[in-house]
Amino acid sequence: MFNLATAPKPAAQALLQDGLCLLQANELITTLALDAPWSSDWGRLSSAWDRLTPDAHLRDGGHYRQRRHSCFIQDLTTQQLSQVAHRAHWQPTDYNALHGGYERLFEPMESTLAQSDAWTTLLSNLGQLFARVKPAAKWFIEAHQFRIDTTDGVGRPTPEGAHRDGVDFVVVMLVNRRGVKGGETRVFDANGPHGMRFLMQQPLTALLLDDARVIHETTPIQPADGEAPGGYRDTLVLTYRQTGFQAPRIQV
């Protein structure tokens with residue numbers, strides 16, 4: 001198993017040396033130089049997860065996932081972040097055997113979130129951090145809001161199993177967690193036997209991954225002991241890619 005250092009490394013160093021970095025909420029705020037107003041603003045914006053729409057593309061027959069999805073481009077030369085026209089999410093089957101190979105169109109993020117200063121700061125500061133690990137002129141960013149619930153008894157954060165995403169970097173940030181047990185995050189060396197597992201419980205806990213070097217998954221959630229079905233786990237997943245958004249090849 002990987003070991004989380006007792007004295008945490010700086011995020012860029014951890015990504016360079018280990019391919020992953022786990023940041024607790026206070027560490028995320030310090031690492032990305034987020035100020036007190038940012039935390040207050042984000043606290044208000046997190047209510048957007050209460051207004052996600054059902055994922056109509058689940059191939060396991062489940063009804064436990066709600067989500068929204070939008071795309072952005074960060075120009076690291078001009079330090080500008082812009083949202084692009086709404087587009088479908090696509091992954092090759094090499095990375096997602098369950099849901100890859102076809103375009104999945106989800107409802108876009110609400111403009112109050114996607115156009116907020118707190119959102120722009122979060123994505124931009126993460127992009128600048130990743131550029132210190134892997135120099136890039138632009139990042140093509142896909143943002144996924146997820147709510148996994150236990151209304152049907154079990155919710156599966158990663159029904160595709162342990163996987164990579166076909167990008168440069170992945171961010172998994174916990175937004176909220178209520179009335180559930182399980183949901184253990186697991187990260188494995190893509191080329192060896194080593195790995196680690198842990199539970200993300202505090203909002204703003206964030207896992208940063210070098211997607212070429214590790215694979216990841218999250219175990220199913222169930223209602224916590226004594227809790228009725230309907231609890232949930234809210235996350236924000238961001239992917240950063242240098243070479244454009246993933247899309248199906250044009251058939252000639």
Side-chain angles (χ1 to χ4, degrees), residues 10-23 27-34 38 42 45 48 67-92 94-96 100 103-106 108-111 113-146 163-175 187 190 204 206-216 235-249:
Q13 179 184 351
L15 285 165
L16 280 166
Q17 294 180 348
D18 307 321
L20 76 162
C21 176
L22 177 64
L23 297 171
E27 296 168 337
L28 177 72
I29 289 170
T30 300
T31 296
L32 299 183
L34 304 173
W38 182 91
W42 183 260
L45 291 168
R67 69 190 295 177
R68 288 181 184 268
H69 166 255
S70 290
C71 296
F72 303 80
I73 295 177
Q74 181 181 7
D75 188 321
L76 291 149
T77 302
T78 62
Q79 298 302 325
Q80 291 188 334
L81 180 79
S82 56
Q83 186 173 1
V84 303
H86 192 50
R87 62 190 303 279
H89 175 53
W90 184 86
Q91 292 174 291
D94 291 350
Y95 295 113
N96 191 330
E103 293 183 298
R104 291 178 285 163
L105 187 65
F106 303 104
M109 294 172 53
E110 295 177 343
S111 60
L113 174 59
Q115 297 174 12
S116 68
D117 290 341
W119 178 259
T120 299
T121 299
L122 177 66
L123 268 63
S124 297
N125 290 13
L126 281 165
Q128 291 169 23
L129 169 63
F130 294 142
R132 291 165 52 197
V133 180
K134 181 179 289 187
K138 289 184 179 180
W139 289 124
F140 295 81
I141 305 168
E142 294 199 47
H144 307 260
Q145 293 175 268
F146 287 106
H163 65 284
R164 292 166 54 209
D165 288 310
V167 298
D168 291 295
F169 296 100
V170 178
V171 179
V172 181
M173 188 177 85
L174 184 68
V175 175
V187 185
L204 295 182
L207 176 65
L208 316 183
L209 302 172
D210 181 334
D211 190 56
R213 296 174 59 187
V214 297
I215 59 177
H216 63 280
T235 56
L236 170 65
V237 175
L238 303 169
T239 63
Y240 287 71
R241 193 168 188 261
Q242 290 189 72
T243 55
F245 297 112
Q246 294 188 97
R249 293 180 180 177

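All residue numbers in this chain count up from 1 along the given sequence.
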Going by atom type alone, with no hydrogens or angles, which donor-acceptor pairs under 3.5 Å involve a side-chain atom of residues 126-145 and a protein atom two or more places apart or on another chain?
from: Gln128; atom 1: NE2; to: Gln79; atom 2: OE1; distance (Å): 2.9
from: Lys134; atom 1: NZ; to: Asp168; atom 2: OD1; distance (Å): 3.0
from: Trp139; atom 1: NE1; to: Gly127; atom 2: O; distance (Å): 2.9
from: Glu142; atom 1: OE1; to: His69; atom 2: NE2; distance (Å): 2.7
from: Glu142; atom 1: OE1; to: His89; atom 2: ND1; distance (Å): 2.9
from: His144; atom 1: ND1; to: Arg67; atom 2: NH2; distance (Å): 3.0

Please name all residues satisfying side chain to side chain contact (heavy atoms under 4.5 Å, CB included) with Thr78, sequence neighbours left out, ordered by chain then number. Asp75, Gln80
Nearest-0.5 Å distance that lies between atom NE2 in His216 and atom CG in Leu207: 8.0 Å
OG1 (Thr120) and CG (Asn125) are apart, to the nearest 0.5 Å, by 10.5 Å
Between Thr239 (side chain only) and Val167 (backbone N and O only), is there a donor and an acceptor less than 3.5 Å apart? no
Nearest heavy-atom contact between Arg213 and Asp18 is NH2-C, 3.5 Å
Can you list the steps and then say if Phe245 with Ile73 is a side-chain contact (heavy atoms from CB on, under 4.5 Å)? CA-CA 9 Å; Phe245 297 112; Ile73 295 177; 4.1 Å; yes
Non-neighbouring partners of Asp210 that pass salt bridge (charged side-chain N to carboxylate O under 4.0 Å, His left out), sequence neighbours left out: none
Working to the nearest 0.5 Å, report the span between NE2 of His86 and SG of Cys71. 8.0 Å
Does Glu27 have any side chain to side chain contact (heavy atoms under 4.5 Å, CB included) partners at least two apart in sequence or in another chain, and if so, which? Pro8, Leu23, Gln24
I'd like to know if the side chain of Asp211 reaches the main chain of Val170, judged simply by a donor and an acceptor atom lying under 3.5 Å from each other, with no hydrogens or angles considered. no
Heavy-atom pair with the smallest gap, counting every atom of Arg164 and Ala190: CD-CB, 4.4 Å
CD of Gln74 to CG of Leu81, rounded to nearest 0.5 Å, is 6.0 Å
Which pair of non-hydrogen atoms, one from Ala11 and one from Leu208, has the smallest distance, and what is that distance? CB-CD1, 4.5 Å
Of all heavy-atom pairs between Leu45 and Ser116, which one has the smallest distance, and what is that distance? CD1-OG, 3.3 Å
For Arg241 and Gly166, the nearest pair of non-hydrogen atoms, with its separation, is NE-O, 3.0 Å
Are side-chain heavy atoms of Val171 and Leu236 found at a separation under 4.5 Å? no
Heavy atoms, side chains only, cut-off 4.5 Å: are Trp90 and Glu103 in contact? yes
The reported gap from OG1 in Thr121 to CH2 in Trp38 (rounded to nearest 0.5 angstrom) is 9.0 Å
Looking at every heavy atom in both Leu113 and Trp119, which two are closest together, and how far apart are they? O-CB, 3.1 Å
What verdict does the side-chain contact (heavy atoms from CB on, under 4.5 Å) test give for Met173 and Leu28, after you've listed the backbone C-alpha separation in whole Å, the side-chain angles of each residue and the deciding distance to 0.1 Å? CA-CA 10 Å; Met173 188 177 85; Leu28 177 72; 3.8 Å; yes
Name the residue from Val175, Val237, Val172 that meets the side-chain contact (heavy atoms from CB on, under 4.5 Å) definition with Phe146. Val237
In Å and rounded to the nearest 0.5 Å, what is the OH to CG distance from Tyr240 to Leu123? 4.0 Å
